[in-house]
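This one's a predicted model, so the numbers in the text were calculated from it and none came from an experiment.
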Amino acid sequence: MTVVAVVYFSESGSTQALARDVITGINTVEDVKVIECQIQAWDMFEGRFDNDELMCLLDNADAIIFGSPTYMGGVSSQFKAFADASSERWDGQQWRNKFTAGFTVGSCLNGDQANTLQYMATLASQHGMLWVGLDIAGGYNSLGLNRLGCQLGVVGHNPEGEVHRSDLDTARYLGRRVALITKACARELQAL
């Protein structure tokens, strides 16, 4: 069975709302199991991420989708601590050839959310992972998907604390896209 993990940090619940729609999209694909991995306060010890069980789950996934709110133009400190802890996997390229994607949310319409996704894509590249972006022209989709026009991943906007419905729908689309691609290709890539 194909396994897709969704690892994210959420303070206010907005990133979690996106994560849940990513998971809903993954769950529309038969024979794909999803693992939800929310980074928690207790995963931090003296400022460092420390959750070996979560990391082992990610080691055994075929794809990993990253999620973080955008704080001050980048990922949250909690997500960054997780990313730093992944360096133990980097040396041996344990996440090599896994598919990956990302999602983020911010309170400003142009709150530098693309920087957050760029960081995630760089992290994925360091691990030898294969980034999956959106294949939807921004703002032109008849279903209203990718309304903010970011091809790199899902960008959400929550000015009143609620994530826009179109952004949630785009998250669902991305989850399904990653699940379909991973199911079709993961086993062959792991053999390389």
[X] side chain vs [Y] backbone, donor-acceptor pair below 3.5 Å:
X    : Y    : result
D50  : F45  : no
S87  : W90  : no
S76  : P69  : no
D91  : E88  : no
D62  : V4   : no
Q93  : Q126 : yes
S68  : V75  : no
Q151 : I136 : yes
W131 : L152 : yes
R177 : G25  : no

Rounded distance [0.5 Å steps], [atom1] in [X] versus [atom2] in [Y]:
X    : Y    : atom1 : atom2 : value
F82  : L54  : CZ    : CG    : 6.5 Å
H157 : S107 : NE2   : OG    : 7.0 Å
H164 : L148 : NE2   : CG    : 8.0 Å
I35  : I23  : CD1   : CD1   : 10.5 Å
Y8   : R20  : OH    : CZ    : 4.5 Å
N158 : S12  : CG    : OG    : 6.0 Å

Between [X] and [Y], what is the shortest heavy-atom contact and its length?
X    : Y    : answer
L18  : A171 : O-CB, 3.6 Å
L174 : G102 : CD2-O, 3.6 Å
T182 : A63  : OG1-CB, 3.4 Å
N115 : G73  : CB-O, 3.2 Å
S14  : G161 : OG-O, 3.6 Å
A83  : L123 : CB-CD2, 3.8 Å

Going only through I, L, V, M, F, W and Y residues with side-chain contacts under 4.5 Å, is there a path from [X] to [Y]?
X    : Y    : value
V6   : L57  : no
M1   : I65  : no
L168 : V105 : yes
I181 : L145 : yes
L180 : L134 : yes

Identify the residue among I39, D84, T15, T116 that makes a side chain to side chain contact (heavy atoms under 4.5 Å, CB included) with F79. I39
Stepwise side chain to side chain contact (heavy atoms under 4.5 Å, CB included) check, Q113 with C150: CA-CA 9 Å; Q113 290 95 327; C150 186; over 6 Å; no
Determine, step by step, whether N27 and V34 satisfy the side chain to side chain contact (heavy atoms under 4.5 Å, CB included) criterion, reporting the C-alpha distance in whole Å, the side-chain angles of both residues, the deciding distance to 0.1 Å, and the verdict. CA-CA 7 Å; N27 283 330; V34 66; 3.4 Å; yes
Going through the distances and angles, do D135 and Y173 end up as a side chain to side chain contact (heavy atoms under 4.5 Å, CB included)? CA-CA 10 Å; D135 61 343; Y173 179 89; 2.6 Å; yes
Using distance alone, with no hydrogens and no angle criterion, decide if R172 and T24 have a side-chain donor and acceptor under 3.5 Å apart. no
Is there a donor in the side chain of T104 and an acceptor in the side chain of T70, or the other way round, less than 3.5 Å apart? yes
Look at atom CD of Q40 and say whether more than 12 heavy atoms of other residues, nucleotides or ligands are closer to it than 6.0 Å. yes
Which residue in the set D167, T170, D169 passes side-chain hydrogen bond (donor to acceptor under 3.5 Å, both in side chains) when paired with R147? D167
I'd like to know whether M44 forms a side chain to side chain contact (heavy atoms under 4.5 Å, CB included) with F49, so could you lay out the CA-CA distance, the side-chain angles of the two residues, the decisive distance to 0.1 Å, and finally the verdict. CA-CA 5 Å; M44 303 300 153; F49 180 85; 3.9 Å; yes
Between D59 and K98, does at least one N-O distance fall below 4.0 Å, as a salt bridge requires? no
